[in-house]
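Note sheet for the following structure.
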Amino acid sequence: MLRMVPLPVPGRMKGRLMDFISILSIFVLACFVGYYVVWSVTPALHTPLMAVTNAISSVIIVGALVAAAAAGFAVSKWLGLIAVVLASINIFGGFAVTSRMLAMYKKKERPAAPAKH
Amino acid sequence: MEHVTAGNSFAALAYLVAGVCFILALRGLSSPATSQRGNRFGMIGMAIAVVTTLVTHLPMQGVGLVLEGPQGSVVATGPLFARIDIVAMLEILAAIGVGAVIGIVTARRIAMTAMPQLVAAFHSLVGLAAVLVAVAAYLNPMAFGIADMVVPMIGQPFAVINPVSKVEMGLGAAIGAITFSGSVIAFLKLNGNMSGKPILLPARHLINLGTLAAILILVAQFAHTQDGWPFWVLLVLAFAIGFLLIIPIGGADMPVVVSMLNSYSGWAAAAMGFTLENSAMIITGALVGSSGAILSYIMCRAMNRSFLSVIAGGFGAEAAAGGGEAKEQRPWKRGSADDAAFLMQQAEQVIIVPGYGMAVAQAQHVLREMGDKLKEHGVRVKYAIHPVAGRMPGHMNVLLAEANVPYDEVFELEDINSEFAQTDVAFVIGANDVTNPAAKTDKSSPIYGMPVLDVEKAKTVLFIKRSMGGVGYAGVDNDVFYRDNTMMLLADAKKMVEEIVKALD
């Protein structure tokens, strides 16, 4: 006889590594770290700061990869792949443009600069 | 599809390392000397996060089976066999490759003056990616490990998503959607496809607050029932509110908007990090979220306006209407490039004050040439940067760096403001409101209380401006124009500086 019963899902659902409170703790502490680290950024580098934070916030690619790798549901797989493309644009573009900008910040070549020509 | 617990805790550790790398990436930006190393830490962290995910989530082909005995005694689930799905793997790598090519080509080609647009465009991509991931997680919760239980049904089994995860997903999707549409508007305004003028809808505050409330109610409804409609409706509303929030904000308030959207993209990543229990995403989200929030705060403080008043929008429009009336003809002095060159040659110290107009005129390179010429004449040259000069935080610093101005000649407002009194020439190029002394004296001025550069204290002020008619973004007249020690240089900024360079030879 076939009866419909809820079945436990194998895998992560049962063996969750972290509960909500431990994740929340990481989040709250990271907010404090972020607060102090960002205040120590020199104002001259605020544009590179935006570019690099933009690049690292594309760590959302982790979720996109999970969706793209999962079998069983075509729509969510394709959404995942599109998200992988978008996040990769950001990752590569963000780091590349940051590094291009940072390479431009130079100190004076000679401390007491006499006339060059 | 899931690996053993040992593998998972290894992955969790790797994500934590990635998170720490991201902290070090931002830490490196405390000085230009360490910034490149910081950026490399960021790349390493990202590589760790991506490789870890690829390894622990290899696309598998498998046959799932649900068996049930007559009395419910024998329950067998799980794949019978599984192998790596090569095609899916190649698809993923191709997706990364496509993104890499587009990203790197864009980053190489973009002009430094277009940096604010680029950052806005990049923010919109993060927002859209967050939305797509949230939708994917909603459609396929098993893959994300957020299902509490699965009800086997004919056809697709129905996975009941953990309610906490549903709240996180709902919020992540909403913040992502707001980030996306808001950044698209910010991009259009910064790129000049859309007027920088504020667009004011009637009762916009009411509409916005109502929409935000509706989104929160829908998140609760979605968490409660897992119906499709609250999820889709909240997505649509979130896209709409992102649009509505940014259209009333004027062009010169864009530094705040870009920082705010930066912050949102972080919170969206953090929300999805909660869903995936991923420490790298949570740490990054918190870092980016606080970074954007702090930058918004710095920008608002530099304009002496509250964050709420900037977000409420309409600044440029209302002030311009009021400023046009009480206009009187006052005498002012006009100078030529030769006069300017002569004055600066004789000077001991010249402080250059660049603003958004310099970026528009692309005058940074010829400005540096002028600086070099002056140095040859034994003049000390310094640059003074107001925090809100330009269209994004640090905009002027990047442009000057691009033109090879050494960063130790560039000073922030509080570090250089006391020096104007001992300076022979203040050279204002493309800035206006940030030099207006009315901010210090005139309580009725819309910019009263805003910290300004004390250019009028210099012996002579050279003020490059296109014409005498126009007013700055705040729509107020600048008293500096009419002072005895001010000489107006009326011309396109780049042309004027070119002429001064010629005159300096």
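Letters go in sequence order (proteins before strands), and every chain restarts at 1. Both backbone and side-chain heavy atoms feed into the values below; hydrogens, waters and symmetry mates do not.
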Give, as side chain, backbone, both or neither, the part of [X] having an atom under 4.5 angstrom from any heavy atom of chain A.
{"X": "B:Tyr138", "answer": "neither"}
{"X": "B:Met115", "answer": "side chain"}
{"X": "B:Glu91", "answer": "both"}
{"X": "B:Val164", "answer": "side chain"}
{"X": "B:Met281", "answer": "both"}
{"X": "B:Leu16", "answer": "neither"}
{"X": "B:Leu400", "answer": "neither"}
{"X": "B:Leu295", "answer": "side chain"}
{"X": "B:Ser31", "answer": "backbone"}
{"X": "B:Val105", "answer": "neither"}

Does a salt bridge link B:Glu409 with B:Lys375, judged by any charged N lying under 4.0 Å from a carboxylate O? yes
Side-chain ([X]) to main-chain ([Y]) donor-acceptor, under 3.5 angstrom:
{"X": "A:Tyr105", "Y": "A:Ala44", "result": "yes"}
{"X": "B:Arg108", "Y": "A:Arg100", "result": "no"}
{"X": "B:Ser263", "Y": "B:Gly289", "result": "yes"}
{"X": "B:Ser259", "Y": "B:Pro255", "result": "yes"}

Using a 4.5 angstrom heavy-atom cutoff, name the option from [options] with the most pairs to chain A.
{"options": "B:Ile110, B:Leu118, B:Val101, B:Val98", "result": "B:Ile110"}
{"options": "B:Ala269, B:Gly28, B:Ser35", "result": "B:Ser35"}
{"options": "B:Ala88, B:Ala130, B:Gly38", "result": "B:Ala130"}
{"options": "B:Met396, B:Glu168, B:Met272, B:Glu402", "result": "B:Glu402"}
{"options": "B:Asp408, B:Ile102, B:Leu287", "result": "B:Asp408"}

Shortest non-hydrogen contact between B:Val288 and A:Thr53, atoms and distance: CG2-O, 3.5 Å
Take atom OH of A:Tyr35 as the centre, draw a 6.0 Å sphere, and report whether it contains more than 12 heavy atoms from other residues, nucleotides or ligands. no
Measure up the A:Phe20 and B:Phe274 rings against each other and bin them: parallel (under 30°), tilted (30 to 60°), perpendicular (over 60°). tilted
Interatomic spacing from CZ in B:Arg40 to OG1 in A:Thr98 - rounded to 0.5 Å: 13.0 Å
Tell me, for A:Ile82 versus chain B, whether the close heavy atoms (under 4.5 Å) come from the side chain, the backbone, both or neither. both
Toward chain B, the part of A:Ile56 with a non-hydrogen atom under 4.5 Å: both
Contact winner vs chain B - [options], heavy-atom pairs under 4.5 Å:
{"options": "A:Leu79, A:Leu65, A:Val62, A:Val84", "answer": "A:Val62"}
{"options": "A:Ala103, A:Gly94, A:Gly63", "answer": "A:Gly63"}
{"options": "A:Ser99, A:Ser88, A:Ala96", "answer": "A:Ser88"}
{"options": "A:Ala83, A:Ala87, A:Ala64", "answer": "A:Ala83"}
{"options": "A:Val59, A:Leu45, A:Leu29, A:Val41", "answer": "A:Val59"}

Do the side chains of B:Ile385 and B:Leu413 get nearer than 4.5 Å, heavy atoms only? no
Which residues pass the side chain to side chain donor-acceptor pair (under 3.5 Å) test with A:Ser40, sequence neighbours left out? B:Arg27
I'd like to check the side chain to side chain donor-acceptor pair (under 3.5 Å) partners of B:His123; sequence neighbours left out, ordered by chain and number. B:Asn262
Going by atom types alone, do B:Tyr407 and A:Thr42 pair a side-chain donor with an acceptor below 3.5 Å? no
